[in-house]
Amino acid sequence: PPAPPPGPVVAGTPAKPSPSPIKWKKALEAGYNYQSRGSLVSTTSTYVRAELTRTTPTGLASLDGRYLYGEQNSLRNTDKLDVNFKLREQFRGRLDIRNDLSYGYDYLKELSHQFQDTLGLSYTVFKTPRTYYMVGPGFAVQYAEPKLGDSGVKYLGDVSHEFFWKIVDRVTFKNNVSYLFSPEDTQDYRLRANSVLSGQVTEKVSVNLRYEYEFEAIRPVANGRSDHRVFTTLGYTF
């Protein structure tokens with residue numbers, strides 16, 4: 001007898017492609033820095049910075065390190081290192097939890113070691129495809145040498161904000177401000193402000209103009225409490 005006709009061919013459901021792993025973004029940056037510490041001293045130094053950043057739909061992790069070094073008449077006038085490890089994760093809705101761990105030293109301020117860990121919350125006030133603004137409180141533990149107090153350990157309050165603006169497709173602006181204060185002493189506070197205007201020359205190469213301001217009220221010499229830094233740098237992302 002003739003063979004029965006073949007049954008209907010059922011097309012198989014195509015397998016969903018597995019999501020690509022989230023990669024770490026790597027960046028190198030180098031250039032020159034001009035620093036003015038009140039009316040006490042002005043210096044020019046070289047600047048090198050490296051950064052690793054991993055962004056997920058709900059948060060980010062970044063490791064950032066930078067080094068400033070300068071000499072004048074064969075004498076060292078700038079020797080500063082900063083290393084920061086930052087974590088941010090969405091907690092609920094527009095509320096994020098953040099943790100910033102940092103280490104640094106500053107030859108100009110005779111600060112040999114400083115460790116600081118800040119735990120806080122950030123609330124996203126608004127977010128659009130080109131801008132966002134976040135602000136929130138925190139709590140910081142700081143240890144510094146030479147000792148900035150009886151024990152060298154401080155417990156500080158923190159209020160910080162972050163603003164980002166994509167001005168055009170290849171130009172962005174970012175500003176971070178942190179206000180650290182001692183609940184026990186109103187005369188002991190520190191203000192840090194960082195701004196960067198970045199322009200993409202190519203997909204991987206950028207030119208950057210940075211400005212930083214620091215004010216430490218606890219410094220004994222009034223003219224040496226503020227630091228202004230201006231950076232002109234070239235960056236490479238890969």
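In what follows, every heavy atom counts, from backbone to side chain, and hydrogens, waters and symmetry copies are set aside.
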Sequence neighbours excluded, every pair satisfying salt bridge (charged side-chain N to carboxylate O under 4.0 Å, His left out) that has a member inside residues 155-164: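 Residue pairs passing salt bridge (charged side-chain N to carboxylate O under 4.0 Å, His left out), neighbours aside: Arg88-Glu162, Arg98-Asp158, Glu162-Lys174.
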
Polar side-chain atom of Thr46 near backbone of Tyr69 as donor-acceptor pair, under 3.5 Å: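 Yes: the side chain of Thr46 pairs with the backbone of Tyr69.
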
Verdict with reasoning, Ser195 to Asn175, per side chain to side chain donor-acceptor pair (under 3.5 Å): CA-CA 4 Å; Ser195 299; Asn175 173 258; 2.7 Å; yes

Pairs flagged by ring pair (Phe, Tyr, Trp, His ring centres under 6.0 Å) wherever residues 31-58 is involved - sequence neighbours left out: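 Those involving residues 31-58 are Tyr47-Phe231.
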
Carboxylate-amine/guanidinium contact Glu212 Arg66, below 4.0 Å: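 Yes, this pair counts.
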
Arg170 bridged to Glu203 by N-O distance under 4.0 Å: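 A salt bridge is absent here (no side-chain N lies under 4.0 Å from a carboxylate O).
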
Tyr103 and Phe115 aromatic ring geometry - parallel, tilted or perpendicular at 30°/60° bounds: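 Ring orientation, 0 to 90° scale: tilted.
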
Salt bridge (charged side-chain N to carboxylate O under 4.0 Å, His left out) between Lys80 and Asp106, worked out: CA-CA 4 Å; Lys80 178 176 173 61; Asp106 192 334; 3.7 Å; yes

Stepwise salt bridge (charged side-chain N to carboxylate O under 4.0 Å, His left out) test for Lys86 and Asp64: CA-CA 8 Å; Lys86 299 181 179 181; Asp64 178 283; over 6 Å; no

Ring-ring centroid check Tyr107 Tyr105, cutoff 6.0 Å: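 Not close enough - the centres of the two rings lie 6.0 Å or further apart.
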
Cluster link Phe181 to Ile218, ILVMFWY, side chain under 4.5 Å: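 Result: no, two separate clusters.
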
Derivation and outcome, side chain to side chain donor-acceptor pair (under 3.5 Å), residues Asn208 and Ser198: CA-CA 4 Å; Asn208 309 283; Ser198 180; 2.7 Å; yes

Test log, rule side chain to side chain donor-acceptor pair (under 3.5 Å), inputs Glu51 and Thr53: CA-CA 6 Å; Glu51 181 182 22; Thr53 305; 3.2 Å; yes

Salt bridge (Lys or Arg N to Asp or Glu O under 4.0 Å) partner of Glu214, chosen from Arg190, Arg225, Arg192: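 Filter result, single survivor: Arg190.
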
